[in-house]
Amino acid sequence: MSLELAIVYFLASFGVAAMAAPFIIGFLRRMRAGQEILKYVEMHKSKGGTPTMGGIIFILPVILFAPLFIRWGTPFALVALIGSVGYGLLGFLDDFIKVKTKNNMGLRAYQKIIGQGGIAILVAVFYTMVNPEGRILIPFFNVWWDIGFFIAPLVFFIMIATTNSVNLTDGLDGLAGMVTVVFLVFIVILSHFVDGIANIPESAELGQLSMIIIGGLCGFLLFNANRARVFMGDTGSLFLGGFVAMVSIFNFMGLFILVLGVMYVVSTASVIIQVLYFKKTGGKRVFLMTPFHHHLEHRGWAEARIVWLYTIITIIAGAGLVLSFV
């Protein structure tokens with residue numbers, strides 16, 4: 001993908017998202033699609049009623065521009081697009097139920113897992129067919145690991161883990177958006193290095209799709225940075241989680257999520273550690289609150305400071321991966 005084309009897609013997507021956002025936010029307000037704040041997140045009580053489902057803002061330019069280069073002959077980009085939108089629709093259903101019932105329950109946990117798992121199985125089957133050797137790149141060492149059929153359960157696990165990790169990271173104004181922008185920028189950069197040694201199928205198309213989402217996210221962040229006028233909701237976070245997983249997997253960089261997506265990992269790991277320790281000790285806690293960004297809030301950190309911490313750590317992780325190819 002040429003730099004000129006990348007810039008064109010970024011600017012076009014940014015422009016559409018930035019211009020559409022006020023109208024979408026206004027529509028969500030009229031529909032009374034306000035976010036219900038969980039009772040135990042006391043520091044966010046003032047955010048109650050902020051419109052949710054704002055992920056529509058950055059999904060819109062994807063739907064508008066992706067068809068320009070995605071055809072039946074570009075299966076990787078097509079699967080990434082359809083799979084991400086599928087996750088977005090699942091998130092939209094969850095958000096809609098929350099808004100309709102005026103509580104923060106939404107879909108049941110098992111219903112979410114069934115939906116996420118169904119899409120993940122289809123992606124895993126597709127990828128096993130196009131990559132029967134199960135080739136995947138090991139970060140920093142940049143050597144190939146051929147795991148054969150085991151690529152299917154690995155892809156399934158990456159899809160489920162990444163989607164839910166991005167969803168957990170979406171807890172502060174601008175947090176998931178900023179981290180994901182940096183993540184995708186580095187995926188586009190790293191794909192050029194990987195393409196040089198592996199000839200990635202549809203590298204250009206996947207890069208173009210990534211730039212559209214980056215542009216749309218930047219337009220969305222104009223209205224989501226602290227203090228947010230709109231939240232992305234599960235509509236946006238599940239869409240992003242699905243795309244982050246697929247664009248990494250299709251670029252042979254599924255394992256890179258452990259490094260480049262370190263802050264996603266921190267979000268999930270903090271929750272798992274908290275639950276296990278709570279059960280083990282009969283009520284004691286490791287963190288003041290999870291995911292970890294809420295722990296930092298309870299320690300007195302401002303939201304903007306936490307967002308910058310997560311963003312800078314993601315930049316450092318991405319720079320380290322780029323340097324490993326130099």
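The structure presented is a predicted model; accordingly, all values stated were derived computationally and were not measured.
Legend: salt bridge (Lys or Arg N to Asp or Glu O under 4.0 Å) pairs involving residues 306-326, not counting sequence neighbours: none detected. Sorted by first and then second residue, the ring-ring contact (aromatic ring centres under 6.0 Å, His included) pairs involving residues 182-215 (not counting sequence neighbours) are Phe183-Tyr264, Phe193-Phe325. Listed by first and then second residue, the salt bridge (Lys or Arg N to Asp or Glu O under 4.0 Å) pairs that reach into residues 23-34 come to none, sequence neighbours excluded.
For the ring-ring contact (aromatic ring centres under 6.0 Å, His included) test, residues two or more places apart in sequence or in another chain that qualify with Tyr127 are Phe250. The side chain to side chain contact (heavy atoms under 4.5 Å, CB included) check on Ala204 picks up Met1, Gln208, with sequence neighbours excluded. With sequence neighbours left out, the salt bridge (Lys or Arg N to Asp or Glu O under 4.0 Å) criterion links Arg285 to no other residue. With sequence neighbours excluded, the residues satisfying side chain to side chain contact (heavy atoms under 4.5 Å, CB included) with Asn167 are Asp234, Ser237, Leu238.
Residues Phe14 and Phe23 do not share a hydrophobic cluster, defined by chaining ILVMFWY side chains whose heavy atoms lie under 4.5 Å apart. Residues Val8 and Ile212 fall into different hydrophobic clusters, defined by Ile, Leu, Val, Met, Phe, Trp and Tyr side chains chained together at heavy-atom separations under 4.5 Å. At a threshold of 4.5 Å between side-chain heavy atoms, the hydrophobic network of Ile, Leu, Val, Met, Phe, Trp and Tyr places Tyr310 and Val259 in one connected group.
Using a 4.5 Å cut-off on side-chain heavy atoms (C-beta onward), Thr52 and Asp95 make contact. Counting heavy atoms from C-beta outward, Met53 and Phe96 have side chains that approach closer than 4.5 Å. Ile187 places a side-chain heavy atom less than 4.5 Å from the side chain of Ser248. Within the 4.5 Å cutoff, the side chain of Leu240 has heavy atoms near those of the Ile213 side chain. Between Thr235 and Phe239 there is no side-chain heavy-atom pair separated by less than 4.5 Å. Using a 4.5 Å heavy-atom cutoff, the side chains of Trp301 and Leu309 are in contact.
Once rounded to the nearest 0.5 Å, the distance linking CG of Leu260 with CD1 of Ile315 reads 10.5 Å. Interatomic distance, Phe92 CZ to Ile97 CD1, rounded to the nearest 0.5 Å: 10.5 Å. Taken to the nearest 0.5 Å, the CG atom of Leu172 stands 10.0 Å off from the CZ atom of Phe231. Rounding to the nearest 0.5 angstrom, the gap separating the CG atom in Leu209 from the OG atom in Ser84 is 7.0 Å. Between the CE atom in Met159 and the CD1 atom in Ile121 there is a gap of 11.0 Å [rounded to 0.5 Å]. One finds the OG atom of Ser191 at 5.5 Å from the CE atom of Met253 (value rounded to the nearest 0.5 Å).
Closest approach of Glu303 to Glu297, counting heavy atoms only: CG-OE2, 3.7 Å. For the pair Met232 and Ala176, the tightest heavy-atom approach, listed with the atom from each and the gap, is CE-CB, 4.2 Å.
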Would you give me the side-chain donor-acceptor pairs under 3.5 Å for residues 140-156, sequence neighbours excluded?
| residue | atom | partner | partner atom | Å |
| --- | --- | --- | --- | --- |
| Asn142 | ND2 | Ser324 | O | 3.1 |
| Asn142 | ND2 | Ser324 | OG | 3.2 |
| Asp146 | OD1 | Arg135 | NE | 3.4 |

Could you list the donor-acceptor pairs under 3.5 angstrom formed between side-chain atoms of residues 214-221 and any protein atom two or more places apart in sequence or on another chain?
none

Please tabulate, for the side chains in residues 107-117, all donor-acceptor contacts under 3.5 angstrom to protein atoms that are two or more places apart in sequence or on a different chain.
| residue | atom | partner | partner atom | Å |
| --- | --- | --- | --- | --- |
| Gln111 | OE1 | Arg108 | N | 2.8 |
| Lys112 | NZ | Asp94 | OD2 | 3.2 |
| Gln116 | OE1 | Asn164 | ND2 | 2.8 |

When the side chains of residues 58-74 are checked against the rest of the protein, which donor-acceptor pairs come out under 3.5 Å, sequence neighbours left out?
| residue | atom | partner | partner atom | Å |
| --- | --- | --- | --- | --- |
| Arg71 | NH1 | Pro67 | O | 2.3 |
| Thr74 | OG1 | Arg71 | N | 2.8 |
| Thr74 | OG1 | Arg71 | O | 2.8 |

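Side-chain atoms of His295 never come within 3.5 Å of backbone atoms of Thr290 as a donor-acceptor pair (strictly under, hydrogens ignored).
Remark: the Thr169 side chain and the Ser267 side chain contain an N/O donor-acceptor pair separated by less than 3.5 Å.
The hydrophobic cluster containing Val271 also includes Leu168, Val275, under a criterion of side-chain heavy atoms closer than 4.5 Å among ILVMFWY residues, counted directly or through chains of members.
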